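One structure below.
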Amino acid sequence: MRTGRARGPTSNNRRSQGVRAKPTSRSPTEIDKLVGTNVRRVRLERGLTLSDLGEQLGISHQQLQKYETGTNRLSAGMLCALAEVLEVRIESLFNDVSAKSRGQADQTPDPFSDLHSEAAFWVKRIRSKATLELTVRILKALSS
């Protein structure tokens, strides 16, 4: 038989009783959720699956999904790796796309930067010299 003073409810009991734990400095924030949403948007624009992108980053698709949903916070290193693999500027992952759709001011200095990044992403995926040459000719004609 145990002796000593009685213990109060444990954190597990608090969770089961519906009491929320105090957020810590390591808890995901609204910014983490915004960045995750933008990572997902860009990933889908690029036609990449969670597994495809996770493999390129060296993480599991489950971990990537946690980043995208804002469940887990992104480290600075992972943020850099994501921007590099997705071929976007890091700051574009912080843009509030919903604010743009509501007509609020765009905070992006160059309104074409996201499109330039996307075009570069697709051009870099071309593996045929003939196709790349044709693409360059088309781009030259369109930019004139």
Side-chain angles (χ1 to χ4, degrees), residues 2 6-144:
R2 270 178 81 170
R7 291 182 166 189
T10 65
S11 61
N12 288 338
N13 288 341
R14 285 186 193 124
R15 265 189 230 125
S16 65
Q17 295 170 357
V19 177
R20 291 190 176 189
K22 181 180 173 187
T24 66
S25 62
R26 295 184 149 268
S27 298
T29 65
E30 290 304 313
I31 298 292
D32 295 309
K33 293 174 185 173
L34 173 65
V35 170
T37 298
N38 286 333
V39 167
R40 177 177 167 76
R41 177 183 49 78
V42 174
R43 176 180 61 79
L44 293 174
E45 286 173 358
R46 303 292 196 257
L48 297 169
T49 66
L50 283 166
S51 295
D52 293 338
L53 184 54
E55 186 177 313
Q56 291 181 49
L57 294 167
I59 61 174
S60 69
H61 72 277
Q62 293 98 333
Q63 181 61 45
L64 180 57
Q65 187 173 38
K66 288 178 182 182
Y67 290 146
E68 287 186 354
T69 59
T71 304
N72 285 9
R73 299 181 79 172
L74 284 157
S75 68
M78 184 55 66
L79 193 58
C80 287
L82 274 163
E84 185 177 319
V85 169
L86 293 172
E87 297 183 21
V88 295
R89 293 182 357 252
I90 288 177
E91 55 268 23
S92 73
L93 297 175
F94 290 87
N95 290 342
D96 187 354
V97 176
S98 64
K100 291 178 191 177
S101 66
R102 291 190 307 259
Q104 295 177 2
D106 184 6
Q107 298 176 4
T108 306
D110 176 10
F112 297 107
S113 65
D114 289 343
L115 290 172
H116 285 135
S117 294
E118 186 173 1
F121 175 84
W122 289 111
V123 168
K124 285 183 179 181
R125 291 186 71 159
I126 297 172
R127 298 292 174 236
S128 159
K129 183 177 179 182
T131 303
L132 187 56
E133 288 171 343
L134 180 60
T135 302
V136 169
R137 287 180 42 206
I138 291 169
L139 291 171
K140 282 181 180 178
L142 291 172
S143 66
S144 309

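Bear in mind the structure is a predicted one, so any value in this text is a computation, not a measurement.
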Is it the case that atom CZ in R46 sees more than 12 heavy atoms from other parts of the structure closer than 6.0 Å?
yes

Looking only at non-hydrogen atoms, find the nearest pair between A83 and R89 and report the distance.
CB-C, 4.5 Å

Taking atom CG of L50 and atom CZ of R43, what is their separation to the nearest 0.5 Å?
4.0 Å

What do the steps show when you test E68 against T37 for side chain to side chain contact (heavy atoms under 4.5 Å, CB included), and what is the final call?
CA-CA 6 Å; E68 287 186 354; T37 298; over 6 Å; no

To the nearest 0.5 Å, what is the distance between CZ (R125) and CD (E87)?
9.5 Å

Does any non-hydrogen side-chain atom of N72 lie less than 4.5 Å from one of Q63?
yes

When rounded to the nearest 0.5 angstrom, what distance separates CZ in R137 from CD in E133?
9.0 Å

Does L53 form a side chain to side chain contact (heavy atoms under 4.5 Å, CB included) with L86? I'd like the steps, not just the answer.
CA-CA 9 Å; L53 184 54; L86 293 172; 4.0 Å; yes

Evaluate the side-chain proximity of I59 to Y67: yes if any heavy-atom separation is below 4.5 Å, no if none is.
yes

Atom pair CD1 (I126) and NZ (K124), whose distance is rounded to the nearest 0.5 Å:
12.0 Å

With rounding to the nearest 0.5 Å, note down the distance linking CD1 in I31 to CZ in F94.
7.0 Å

Rounded to the nearest 0.5 Å, how far apart are CG of N38 and CZ of R41?
4.5 Å

What are the two closest non-hydrogen atoms of T71 and P28, and how far apart are they?
O-CG, 3.0 Å

Taking C-beta and beyond as the side chain, do V88 and L93 meet within less than 4.5 Å on heavy atoms?
yes

Answer with yes or no whether the side chains of N95 and S92 bring together a donor and an acceptor at under 3.5 Å.
no

Looking at D32 and L74, what are the two nearest heavy atoms and their distance?
OD1-N, 4.5 Å

Side-chain contact test, heavy atoms from C-beta onward, threshold under 4.5 Å: evaluate it for L48 versus Q56 and give yes or no.
yes

Indicate whether any N or O donor in one side chain lies under 3.5 Å from an N or O acceptor in the other, for S51 and T49.
no

